[in-house]
Amino acid sequence: GNGTPNGIYKGVAPEANLILVTYRNDVPVGGSPYVLDAIDYIRKLARALRRPVVINLSQGDNLGSHDGMSQLERGIDQVIEDGRVLVVVSAGNERGGPASHHAQGKVEHGRELVLSFTLAAEQDHVVDGDTIELWYRSGDRFAAALQTPGGQRSDFIEPDGNEVVIEFAAGYRAHVRSQSSHPINGDNRIGIFFERSEAWEKGHWQLILRGDKVERGDFDAWADRPNAVTVIDFRSHQCDNSTITLPGNSRHAITVGGFISRPASCDDNHEVKGNFAPGSSTGPTRDGRVKPDLTAPGTLVMAPRMRRNGHCTHYDLMSGTSMAAPHVTGVVALLWSIWPGLAAGQIRDALLSTARNDAFTGVTPNTSWGQGKLDAKAAYQALSTLVEKGEARMSATQVLEFETSSRENRYGEPAGMRIRIELRDNADLTITGTSTGAYEGQSYMGTLMLRKAISGYEGGDAGPRLGKGASVRAVR
């Protein structure tokens, strides 16, 4: 971030040490073990260096329940609770675009609702793993069917959890899985995966929902394609609310929207500096929480770029919440460089509580601006006051992590446990065991014998010594 090699531009925290991690990016973000591995690598490296670390994640997609319960979002929450890691996430750019990727509606008991969408409307667009995920309440039961623009309708698929492959007359196929009581949150999910083909019929498709049992009837549907722009466009029931991409619905991550920091200079531009950025995703989360958490500069930001095809330019003007999030990440790095002993939650609280309001934000918090606009100076002043008064809580959590040796389960597959032991400065002890070989929705039992009585710490990162007789249940 210090402008090397040209020295023309500098980042928000130009003297920060950077850790750059690449990872496989062809699976839905919310369930990606690769992103979790990247976060874990950064966390362990920072711990070895005995430094706090802030992680910028300017990436996201729509595939998940949007309630903070995805595997990645729960993993981020757990990492932040350590007190030495903060994760800053871009909110996404899903509001008001040329295509709609979120639909919302209400199904009535005994009736059918038609959700209309197009596939690959443009000539050069190809369907390739594009997916619709529809989530609805656990007390309801919907049957689902697909209908082509030409009127060919599939059979209705019941929510029994089994995958059904629908093969249409032209030879292309869709995989549909309707699940009740999904293991991540207990709600119901309908997932539709469209196989790669250039033969998918143009025009208006229909997803038909039949209300077999309805207590509430409300649903949300999102469309996306991992690591690419989906060619699905909802043409009915479109909704710009609840468009925060995963993992931005995490409870403890700082989710950042964008505002217009530099209006475009074209003649027909109506952008006003300081107003909400076009496209910046809005909340609430599907479970009703306010997101984003705050906003930061997000339009025509000078940013570093990769050199491609011999192009020698190292910088380019870029827009989107992927530009807004690094502003917050840089401010966190600056604050932690001044007070490295501060807890992650303390810095997060300071940023959110000092975010400023103006004529554009209106009354906050709200689901567009969160708490308001990033104000680095105000956050610094608030933390300075707390530190001077001795009221800032320092992070004194000690953490010990290890994995047990794998053993074969009854199916002949390796299964083990990942053990996490936390001892906080208030003497609270938390032991978490996670099965490393369980399938989604399953868990294995294991026992951890702790043989020594608590007597403090043994230097470095050795962690606490614990009283015997404790047992751990592995929960996935």
Side-chain angles (χ1 to χ4, degrees), residues 1 11-25 27 29-61 64 68 70-92 244-258 291-294 296 298 303-304 320-352 370 374 376 379 395 397 399 401 420:
V12 177
E15 297 182 18
N17 292 325
L18 301 180
I19 305 171
L20 305 178
V21 183
T22 62
Y23 49 84
R24 182 175 165 183
N25 195 24
V27 298
V29 170
S32 172
Y34 311 112
V35 182
L36 281 174
D37 286 345
I39 291 173
D40 192 52
Y41 171 82
I42 295 170
R43 179 183 63 85
K44 288 178 177 177
L45 181 55
R47 178 180 296 167
L49 296 171
R50 297 182 179 276
R51 295 183 182 180
V53 64
V54 55
I55 299 173
N56 187 86
L57 190 54
S58 288
Q59 182 200 5
D61 66 32
S70 71
Q71 178 183 3
L72 177 56
E73 288 165 327
R74 287 183 287 126
I76 288 173
D77 290 343
Q78 186 175 19
V79 166
I80 294 173
E81 287 174 356
D82 283 352
R84 303 295 286 163
V85 180
L86 263 176
V87 180
V88 179
V89 182
S90 56
I244 302 291
T245 54
L246 277 68
N249 300 287
S250 158
R251 284 162 172 75
H252 298 319
I254 301 176
T255 304
V256 185
K291 284 284 181 174
D293 294 298
L294 77 170
T321 59
S322 289
M323 300 298 105
H327 283 82
V328 177
T329 303
V331 171
V332 173
L334 291 174
L335 295 173
W336 246 334
S337 71
I338 302 169
W339 300 292
L342 282 177
Q346 190 74 46
I347 292 181
R348 184 184 189 276
D349 291 347
L351 289 171
L352 270 56
L374 172 68
S395 176
T397 301
V399 179
E401 290 186 320
R420 176 187 178 86

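In this chain, numbering begins with 1 at the start of the sequence shown. In what follows, every heavy atom counts, from backbone to side chain, and hydrogens, waters and symmetry copies are set aside.
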*Asks:* Once side chain to side chain contact (heavy atoms under 4.5 Å, CB included) is applied, do any residues pair with Leu45, and if so which ones, sequence neighbours excluded?
*Replies:* Ile19, Tyr41, Leu49

*Asks:* Using the salt bridge (charged side-chain N to carboxylate O under 4.0 Å, His left out) criterion, which residues pair with Arg24? Sequence neighbours excluded.
*Replies:* Asp26

*Asks:* Holding to side-chain hydrogen bond (donor to acceptor under 3.5 Å, both in side chains), I want the full list of residues that pass it with Ser90, two or more places apart in sequence or in another chain.
*Replies:* none

*Asks:* When you measure from the side chain of Lys291 to the backbone N and O of Ala91, does any donor-acceptor pair fall under 3.5 Å?
*Replies:* no

*Asks:* For Asn56, which residues count as a side-chain hydrogen bond (donor to acceptor under 3.5 Å, both in side chains) partner, sequence neighbours excluded?
*Replies:* Ser58, Thr329

*Asks:* Identify the two heavy atoms, one from Gly31 and one from Pro33, that lie closest to each other, and give their separation to 0.1 Å.
*Replies:* O-CD, 3.1 Å

*Asks:* Can you name the closest pair of heavy atoms from Val29 and Leu246 and give their distance?
*Replies:* CG1-O, 3.9 Å

*Asks:* Check the pair His252 / Glu81 against side-chain contact (heavy atoms from CB on, under 4.5 Å), numbers first and verdict last.
*Replies:* CA-CA 8 Å; His252 298 319; Glu81 287 174 356; 3.3 Å; yes

*Asks:* Which residues pass the side chain to side chain contact (heavy atoms under 4.5 Å, CB included) test with Ser32, not counting sequence neighbours?
*Replies:* Val27, Tyr34, Val35

*Asks:* Salt bridge (charged side-chain N to carboxylate O under 4.0 Å, His left out): which pairs involve residues 339-348, sequence neighbours left out?
*Replies:* Asp293-Arg348

*Asks:* Which atom pair, heavy atoms only, marks the closest approach of Ala379 to Leu351?
*Replies:* CB-CD2, 3.8 Å

*Asks:* Could you list the residues that satisfy salt bridge (charged side-chain N to carboxylate O under 4.0 Å, His left out) with Asp61, not counting sequence neighbours?
*Replies:* none

*Asks:* Can you name the residues that form a side chain to side chain contact (heavy atoms under 4.5 Å, CB included) with His327, not counting sequence neighbours?
*Replies:* Val12, Ala296, Pro297, Val301, Leu374

*Asks:* Which residue pairs pass the salt bridge (charged side-chain N to carboxylate O under 4.0 Å, His left out) test when at least one of the two sits in residues 247-258, sequence neighbours left out?
*Replies:* Arg251-Asp287

*Asks:* For Thr245, what residues pass the side-chain hydrogen bond (donor to acceptor under 3.5 Å, both in side chains) criterion, not counting sequence neighbours?
*Replies:* none

*Asks:* Test Ile347 against every option in Leu335, Leu352, Val331, Ile254 by the side-chain contact (heavy atoms from CB on, under 4.5 Å) rule and name the one that passes.
*Replies:* Leu335

*Asks:* Between Ala343 and Trp336, what is the shortest heavy-atom contact and its length?
*Replies:* C-CZ2, 4.4 Å

*Asks:* Tell me every residue that passes side chain to side chain contact (heavy atoms under 4.5 Å, CB included) with Ala38, counting only those two or more places apart in sequence or in another chain.
*Replies:* Val21, Tyr23

*Asks:* Work out which heavy atom in Pro292 is nearest to a heavy atom in Thr255; give both atom names and the distance.
*Replies:* CB-O, 3.4 Å

*Asks:* Which residues satisfy the side-chain hydrogen bond (donor to acceptor under 3.5 Å, both in side chains) test with Asn25, sequence neighbours excluded?
*Replies:* Gln59, Asn227

